[in-house]
Amino acid sequence: MVRKYITPGMTTQLSALRRNLLNWFRQNKRELPWRQKRHWYTTWLSEVILQQTTVEQGLPYYHAFVERFPNVHTLAEAEEQEILHQWQGLGYYARARNLHKAARQIARQHHGRFPNDKKLALALPGIGPYTAAAILSLSYNRPYAVVDGNVTRVISRLQAIAEDIRLRSTQKIIEQHAQTLLSKKYPGAFNEAMMELGALVCTPVAPRCPVCPLSRWCLAYRQQKTDALPFKSAPPPKKRQYHWVVVYENTHRYLIRQRPEKGLLARMWEFPVWETDARQLKNTDSLSVRLSGHRISRVSGLMRHVYSHINLQYRAVLVEGSPEETPGTGTRKWVKKEEFNNYPIHKAHRHIINWLLNDQKGR
DNA sequence: CTCTGAGCTAGGC
DNA sequence: GCCTAGATCAGAG
């Protein structure tokens, strides 16, 4: 029988905890552009941008998006390619594609307003439990607790939850605690306060417990376990991939192609790629066979790119002429150097463009 | 250089 | 209902 410190029955303690947290938040919150006046559109935009992204990294993108797409209609009417292009460099491009799809649905099916209803909100592309709770609580003051990485950490320490936070079962327990703790009167402020506390005080390393407004109730603090919590098991090892990236050059134009509709980096543009292995990537022997009839102008040094589940190592090879067979079936285009900027090109291959245009290393 | 942490949704089984 | 793929970057060691 596990006895949790803060339980739904402890109404006096709960009120004091909420009051302490809200007071702390009022005095310590960061001034961020989307906090100025809470509108569902800027809340939505900021929440989506900040998924898997730090505030510092997301800020310039947020400003650019609000500038170019000041409301849901401008976003809905834009081309997907333009949105992907604005998103370039932020990663997790599905977020941008879903943002666009959802904007169209909001414009057409919801009269241009975000639905004030959990079920309807969850039906929108890119809106899951976290984002739905965030928008509904922050913009409409609806009583849904948000659980992001910050909140997970705060609660696992507060209630001294030792189970692996990677497990679904542990996440469920944390969600229940979050919903119990939530101020039903000020759910928006409370949710933001929990996330802000995790970002500023209840940090992953060296939490600032002496200044924490929740330390009086924190089991991990009392038991001196803040360094050990939350517990997270190791992820599975990353796969390794090796690519030759072939840059065909013909009369000062370069061949790029669009990736398929689905899967990794969907609908982004790139140079043709040949899969290979670590050994073959060390020298150009294997290339010479496949590229017979082409003159190799330049070969790059080794480049690497890390995805969440793949370690990619690749090298670029600049060759003259066009490929005999069409690489893949997707759309292909011959573009001039200046035109690269008109296409959403993922990070790994933008690196190749830099090599192509500036860097003479690995010649 | 490698490792870690930031961390939410969609879709497949 | 559970599990995994998706995807970038900064900072520590």
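What you are looking at is a predicted structure, and each value in this text was computed from that prediction instead of being measured. Proteins get letters first, then strands, A, B, ... in listed order; numbering begins at 1 in each.
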5′-ward residue of the pair A:L50/A:K262 relative to DNA chain B: A:L50
Interatomic distance, A:R95 CZ vs C:dG6 P [rounded to whole Å]: 15 Å
Stacked cation flag A:R298 on A:W355, 6.0 angstrom / 45 deg: yes
Sugar-phosphate only, base, or nothing, as touched by A:V151 at under 4.0 Å among non-hydrogen atoms: nothing
A:E80 with A:R97: basic N within carboxylate O range, under 4.0 Å: no
Under 4.0 angstrom between A:T131 side-chain N/O and B:dT9 OP1 or OP2: yes
Separation of C:dG6 P from A:R97 CZ (nearest whole Å): 11 Å
A:W269-A:F340 aromatic ring centre distance below 6.0 Å: no
Presence of donor-acceptor pair under 3.5 Å, side chain of A:R304 and base of B:dT2: no
Atom-to-atom span, OH of A:Y130 to C1' of B:dG7 - whole angstrom: 10 Å
Rounded interatomic separation in angstrom, taking CG from A:L124 and P from B:dT9: 12 Å
Along DNA chain C (nearest heavy atom to each residue), the more 5'-positioned of A:A266 and A:R168: A:R168
For atom CZ of A:R166 and atom P of C:dT4, their distance in whole Å: 11 Å
Short heteroatom pairs, N/O only, protein and nucleotides 8-11 of chain C, under 3.5 Å:
from, atom 1, to, atom 2, distance (Å)
C:dT8, OP2, A:H305, NE2, 3.3
C:dT8, O3', A:G89, O, 2.7
C:dC9, OP1, A:G89, O, 2.7
C:dC9, OP1, A:K347, NZ, 2.1
C:dC9, OP2, A:K347, NZ, 3.0

Atom-to-atom span, CG of A:L122 to P of B:dC8 - whole angstrom: 15 Å
Ion pair check, A:E192 and A:R38, cut-off under 4.0 Å: yes
Distance, rounded to the nearest Å, where A:K101 contributes NZ and B:dT9 contributes C1': 11 Å
Lys/Arg-Asp/Glu bridge criterion (N-O < 4.0 Å) met for A:R295, A:E320: yes
Rounded distance in Å between the P positions of B:dG5 and C:dG6: 22 Å
Distance below 4.0 Å between A:R153 side-chain N/O and B:dG5 OP1 or OP2: no
Neighbour count >12 (heavy atoms, 6.0 Å) for atom NZ, A:K185: no
A:K333 side chain reached by A:R257 side chain, heavy atoms, under 4.5 Å: no
Length of the CG-P vector between A:D164 and C:dC2, whole Å: 15 Å
Along DNA chain B (nearest heavy atom to each residue), the more 5'-positioned of A:P204 and A:Q313: A:Q313
Distance-only side-chain donor-acceptor flag, A:E47 / A:Y130, under 3.5 Å: yes
Sugar-phosphate, base or nothing in reach of A:L312, heavy atoms under 4.0 Å: nothing
A:N150 side chain near B:dG7 phosphate (N/O to OP1/OP2, under 4.0 Å): yes
